[in-house]
Amino acid sequence: MSDKHLGTDSYKGVRDFYPEDMAVQRYIFDTWSITAESFGYERYDASILEPSELYKAKGAENEEMVNEQTYTFIDRGEREVTLRPEMTPTVARMVAGKRRELSFPIRWYSIPNLFRYERPQRGRLREHYQLNCDIFGADHYTADVETIALAYQLLIDFGAKPEMFEIRVNNRLEMRRCYEEAGVSDSETQNRITRLNDRFHKISAEQYKVALNEIVANEVITERIYTVVSGSIPEDTNEVVEGVRTLGIKNVIIDRSIARGFNYYTGTIFEIFDVSGENKRSMLGGGRYDNLTAMFSDEPVMGIGFGMGDVTMRDFLETHNLLPEGLSSTGPEVMVIPFDAECNLPAQKLASELRRATTARIATDISTKKIGKKIGDASERNVRFVIVVGENELTSQSFTIKDLRSGEETPGALGIIEGVINTR
RNA sequence: GCGGCUAUAGUUUAGUGGUAAAACUCCGGUUUGUGGAGCCGGUAUCGAGAGUUCGAUUCUCUCUAGCCGCCCCA
């Protein structure tokens, strides 16, 4: 590019939100909030900065992830700091810090922006926003049911039809039991199988079996595990799935290949997929983590929750044409147009009087364009009303408000004008 | 970290071994008290660097950036 100027592109993998993008973003966030709150979830937030230890605490595997896939730096006080890559450790920290004063179970949600240092691709950027909903302090399986029901409702409230998506549920404990019954008791081997299962739908059955046999080195075991993971047992279900169905949600299935990474989940895990096939990545995922707060205290608090990202949400809404037309702009509804620059201040004064008497968004056109141009601009920006303020109007204190939608003009004193705006 | 594709005006795209076209947008004018039109005009060292060539935006190489996949996925 030019030697003289900086580029205007945003930093790699992050987005600028111009007003039209912001309208979409706001719609998504508002819908998330309304639905989460309708289930009684309370909103919380925290800083994007956390000490790096928070993410490294559970061994070398995590340490590697922090070093390679997060934004981590040393601050001026020589502390190692990380831009949060996920919200769960933060909320676990917050809950653990107040565990004696909170009355469990609690339902909390947040819409944090999260950072990860990796190569951007479809549905995955370096910064994204993610709705996080969690229940803490409820060990009964119905907490899992409610969590999945909330995830379901979130999509429904965007106008999604149940046949557009599928909820796939698995359970860490049940998988461990499956491995043990098949004859695999070593936990490292179990983890390797879990990791392989995560790719089950990306590879062929043959490839899967070959890879599995390389791990367990036993064809009988391979066959047993394959039977379970491939879903060849039609009656395979569990109480969470049955509970969700009891609530009237039908697009839920057991999928033994669901793996959810391999970190802190201890029980139910689930993901929701777009069935259109266009977005192969899961749109939403979560699960139960019964000892995440253990790193802060000997009194662990169990939790279950999920996260859903704004990038995948937006992809889903666009794919299924679910974004509403004409999302509300925050631009002015009323434009007060001074006849010339001499009238700018009186026009601004009129605007502030109107603001006092109405709830409309009112701006004054302080450009130096000609009167016709100013009206044209207002019209183009979807302004509903214009009021021209010139010497005549100021002398007579009688104005004319014009409805650009209907072309109708209403003359009158301040009170009349306010009336027109208030009945918009 | 690995692989594939792409790079021309603000945007979306044409096009050519002899320094480039269109549409839309934007800005200005056309009209010195009232809107979306029309007309006229303006805006590009063709991503950067090097090479081949009389001559490169076009061909070759390198780099950079973006997109898409893999790995990984909190």
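Residue numbering restarts at 1 for every chain, and letters A, B, ... go by the order of the sequence lines.
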Next item on the list: Name the nucleic acid region contacted by A:Thr400, choosing base, sugar-phosphate or nothing; use a 4.0 angstrom heavy-atom cut-off, strictly under.
Entry: nothing
Next item on the list: With a 3.5 angstrom cut-off on both distances, give the Watson-Crick or G-U wobble partner of B:rG42, or none if there isn't one.
Entry: B:rC26
Item checked: Short N-O contact, A:Arg124 and A:Glu118, less than 4.0 angstrom -> yes
Next item on the list: Considering only atom C1', compute the distance from B:rG51 to B:rA56 and round it to an integer number of Å.
Entry: 11 Å
Note to self: Between B:rG33 and A:Glu393, counting only base atoms on the nucleotide and side-chain atoms on the residue, is there a donor-acceptor pair under 3.5 Å?
What the structure shows: yes
Margin query: Any base atoms under 4.0 Å from A:Asn392, or only sugar-phosphate, or nothing? Heavy atoms, all strands.
Written below: base
Item checked: A:Asn382 CG - B:rG35 P separation (whole Å) -> 18 Å
Item checked: Sidechain N-carboxylate O distance under 4.0 Å for A:Arg256, A:Asp236 -> yes
Note to self: Check this for me: does any side-chain nitrogen of one of A:Glu409 and A:Lys402 sit under 4.0 Å from a carboxylate oxygen of the other?
What the structure shows: yes
Note to self: With a 4.0 Å limit, can you tell me whether A:Arg124 has a side-chain N or O closer than that to the phosphate oxygens OP1/OP2 of B:rC73?
What the structure shows: no
Next item on the list: Would you kindly check if the NZ (Lys) or CZ (Arg) of A:Arg168 is within the cone defined by 45 degrees around the ring axis of A:Phe273 and under 6.0 Å from the six-membered ring centre?
Entry: yes
Check: Counting any heavy atom closer than 4.0 Å, what does A:Lys402 reach on the DNA or RNA strands: base, sugar-phosphate only, or nothing?
Finding: base
Next item on the list: Could you give the distance separating B:rG41 and B:rG4 at their P atoms, to the nearest angstrom?
Entry: 47 Å
Next item on the list: Establish, from distance only, whether the side-chain atoms of A:Ser398 and A:Glu393 form a donor-acceptor pair under 3.5 Å.
Entry: no
Check: Counting side-chain heavy atoms from CB outward, which of B:rC73, B:rC27, B:rG35 is closest to A:Ser379?
Finding: B:rG35
Margin query: Check the phosphate of B:rG66 against A:Lys12, side-chain N and O only, distance under 4.0 Å to OP1 or OP2. Yes or no?
Written below: yes
Checklist line | Rounded C1' spacing from B:rC5 to B:rA21 in Å | finding: 25 Å
Margin query: If I pick the C1' atom on B:rU53 and the same atom on B:rU60, what distance separates them, to the nearest angstrom?
Written below: 12 Å
Notebook entry, point to check: Applying a 3.5 Å limit to both distances, which nucleotide forms a Watson-Crick or G-U wobble pair with B:rG3?
Noted result: B:rC68
Margin query: Given B:rA74, B:rU34, B:rG69, identify the nucleotide with an atom nearest to the side chain of A:Pro85.
Written below: B:rA74
Next item on the list: Mind checking A:Gly307 for me? I need base, sugar-phosphate or nothing, with any heavy atom below 4.0 Å counting as a touch.
Entry: nothing
Checklist line | Separation of the P atoms in B:rA9 and B:rU58, to the nearest angstrom | finding: 15 Å
Check: Contact class for A:Gln121 vs. all strands (heavy atom < 4.0 Å): base, sugar-phosphate, or nothing?
Finding: base
